[in-house]
J.: 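What follows is a single structure, and I will ask about it in a moment.
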There are 2 protein chains.
Amino acid sequence: MERTGPLFMGGVPELLVLRLLAQQQMYGYELVKNIRLVTGEAISLGEGVVYPLLHGLERSGALRAKRRAHNGRTRVYYSLTAKGKKRLARLESEWARVSSGVQAALGDIAHG
Amino acid sequence: MERTGPLFMGGVPELLVLRLLAQQQMYGYELVKNIRLVTGEAISLGEGVVYPLLHGLERSGALRAKRRAHNGRTRVYYSLTAKGKKRLARLESEWARVSSGVQAALGDIAHG
DNA sequence: TGCTGATACCTCGCAATACGAGGTATATAG
DNA sequence: CTATATACCTCGTATTGCGAGGTATCAGCA
């Protein structure tokens, strides 16, 4: 039955979203597409991941939302707050730590 | 409230455990200590993570367990089965994919 | 006119699972 | 005789990624 579950994605969506928004404000649908792009097609997040995440981050004060109309459709643009920047810095540092730890484990033993 | 939750650890414990056991058989307590070592202190898994994981992997057929007495204490040695090796290969490939995707996202954008 | 597909937003519920806390028991060192 | 290290274990909680499903607008095409 090989249920694989989402592997190695713990915290990754949040990191990616914050990282992209640190560059420039974007709306949800745009994020979904851009995440695929900037990860070289390696990571693809559905809207069921991105939208709830954006709402949570806004509620926690990491993001600020601005509704804007565009061609009759409504877009919700998100941008980083100071708190969001701190959060991003923390996630990046955590990612570096875990990532290097795994890398070390995979490498060090290779010749053991 | 800063609820950080376990960040970037999704699937990592399983990867590390399988990787170490691919080198040589080990018992749980030994794994707990060695994981700290091989990750350069970057990652530290408690027994509450490792033991349930070992049981799950054994039940799914990825690991084989051998009980052995040592100085009056009982040690349970685990080793990889063929299924476990396949599972490890898959996790390593998944890790490479996600890891490189995140890396790309963090880097590519750096220069705008 | 009607159809499709892209755009753009949203929610619900499931299923993993990492983790701390707590529990048992033996050997060793002070 | 006490504390520490060894060595095993389970339970409960909280998080969260994800698919599936839902609404509405707009552009293009037959």
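Numbered from 1 within each chain, the chains take letters A, B, ... in sequence-line order. Given the structure is predicted, the values throughout are model-derived calculations rather than measurements.
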J.: For a quick check of understanding: with a heavy-atom distance under 4.0 Å over all strands, which category does B/Gly56 fall into, base, sugar-phosphate or nothing?
T.: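 No contact at all - B/Gly56 keeps every heavy atom at 4.0 Å or more from the nucleic acid.
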
J.: Closest approach of A/Leu91 and A/Gly11, non-hydrogen atoms and distance?
T.: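 Where A/Leu91 meets A/Gly11 most closely, the heavy atoms are CD1-O, 4.5 Å.
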
J.: When you measure from the side chain of A/Arg75 to the backbone N and O of A/Arg68, does any donor-acceptor pair fall under 3.5 Å?
T.: no

J.: Less than 4.5 Å apart, any side-chain heavy atom of B/Arg90 and any of B/Arg87?
T.: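 B/Arg90 vs B/Arg87: side chains touch.
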
J.: Ignoring hydrogens and angles, state whether a donor on the side chain of A/Thr81 or A/Arg64 is under 3.5 Å from an acceptor on the partner side chain.
T.: no

J.: In whole angstrom, what separates A/Ile43's CD1 from D/dG17's P?
T.: 12 Å

J.: At a cut-off of 3.5 Å, list every protein nitrogen or oxygen paired with a nitrogen or oxygen from nucleotides 6-11 of chain D, distance to 0.1 Å.
T.:
from: D/dT6; atom 1: OP2; to: B/Tyr29; atom 2: OH; distance (Å): 3.3
from: D/dA7; atom 1: OP1; to: B/Arg75; atom 2: NE; distance (Å): 2.7
from: D/dA7; atom 1: OP1; to: B/Arg75; atom 2: NH2; distance (Å): 2.3
from: D/dA7; atom 1: OP2; to: B/Tyr27; atom 2: OH; distance (Å): 2.7
from: D/dA7; atom 1: OP2; to: B/Arg75; atom 2: NH2; distance (Å): 3.4
from: D/dA7; atom 1: O3'; to: B/Thr74; atom 2: O; distance (Å): 3.4
from: D/dC8; atom 1: OP1; to: B/Val76; atom 2: N; distance (Å): 2.8
from: D/dC8; atom 1: OP2; to: B/Gly28; atom 2: N; distance (Å): 3.3
from: D/dC8; atom 1: OP2; to: B/Tyr29; atom 2: N; distance (Å): 2.6
from: D/dC8; atom 1: OP2; to: B/Tyr51; atom 2: OH; distance (Å): 3.0
from: D/dC8; atom 1: O5'; to: B/Tyr51; atom 2: OH; distance (Å): 3.4
from: D/dC8; atom 1: N4; to: B/Glu47; atom 2: OE1; distance (Å): 2.5
from: D/dC9; atom 1: OP1; to: B/His55; atom 2: NE2; distance (Å): 3.4
from: D/dC9; atom 1: OP2; to: B/His55; atom 2: NE2; distance (Å): 3.1
from: D/dT10; atom 1: OP2; to: B/His55; atom 2: ND1; distance (Å): 3.2

J.: Nearest whole Å is fine: how far is D/dA20 C1' from A/Leu45 CG?
T.: 17 Å

J.: Measure the distance from CZ on A/Phe8 to C1' on C/dA18 and round it to the nearest whole Å.
T.: 14 Å

J.: Going by side chain to side chain contact (heavy atoms under 4.5 Å, CB included), name the residues that satisfy it together with A/Val76, two or more places apart in sequence or in a different chain.
T.: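 Result, side chain to side chain contact (heavy atoms under 4.5 Å, CB included) vs A/Val76: A/Ala65, A/Arg67, A/Tyr78.
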
J.: How close or far is atom C1' of D/dG17 from atom CG of A/Leu16, stated in whole angstroms?
T.: 13 Å

J.: Taking CD from B/Glu94 and P from C/dA16, how many angstroms apart are they, rounded to a whole number?
T.: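 Interatomic distance, CD of B/Glu94 to P of C/dA16: 16 Å.
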
J.: State, to 0.1 Å, how close A/Arg36 and A/Ser44 come at their nearest heavy-atom pair, and which atoms those are.
T.: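 Closest heavy-atom pair between A/Arg36 and A/Ser44: NH1-OG, 2.8 Å.
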
J.: Could you give the CG-to-P distance, from B/Asn71 to D/dA5, as a whole number of Å?
T.: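 Distance check: B/Asn71 CG to D/dA5 P gives 18 Å.
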
J.: Report the distance from atom CD of A/Glu14 to atom C1' of D/dT16, rounded to the nearest whole Å.
T.: 10 Å

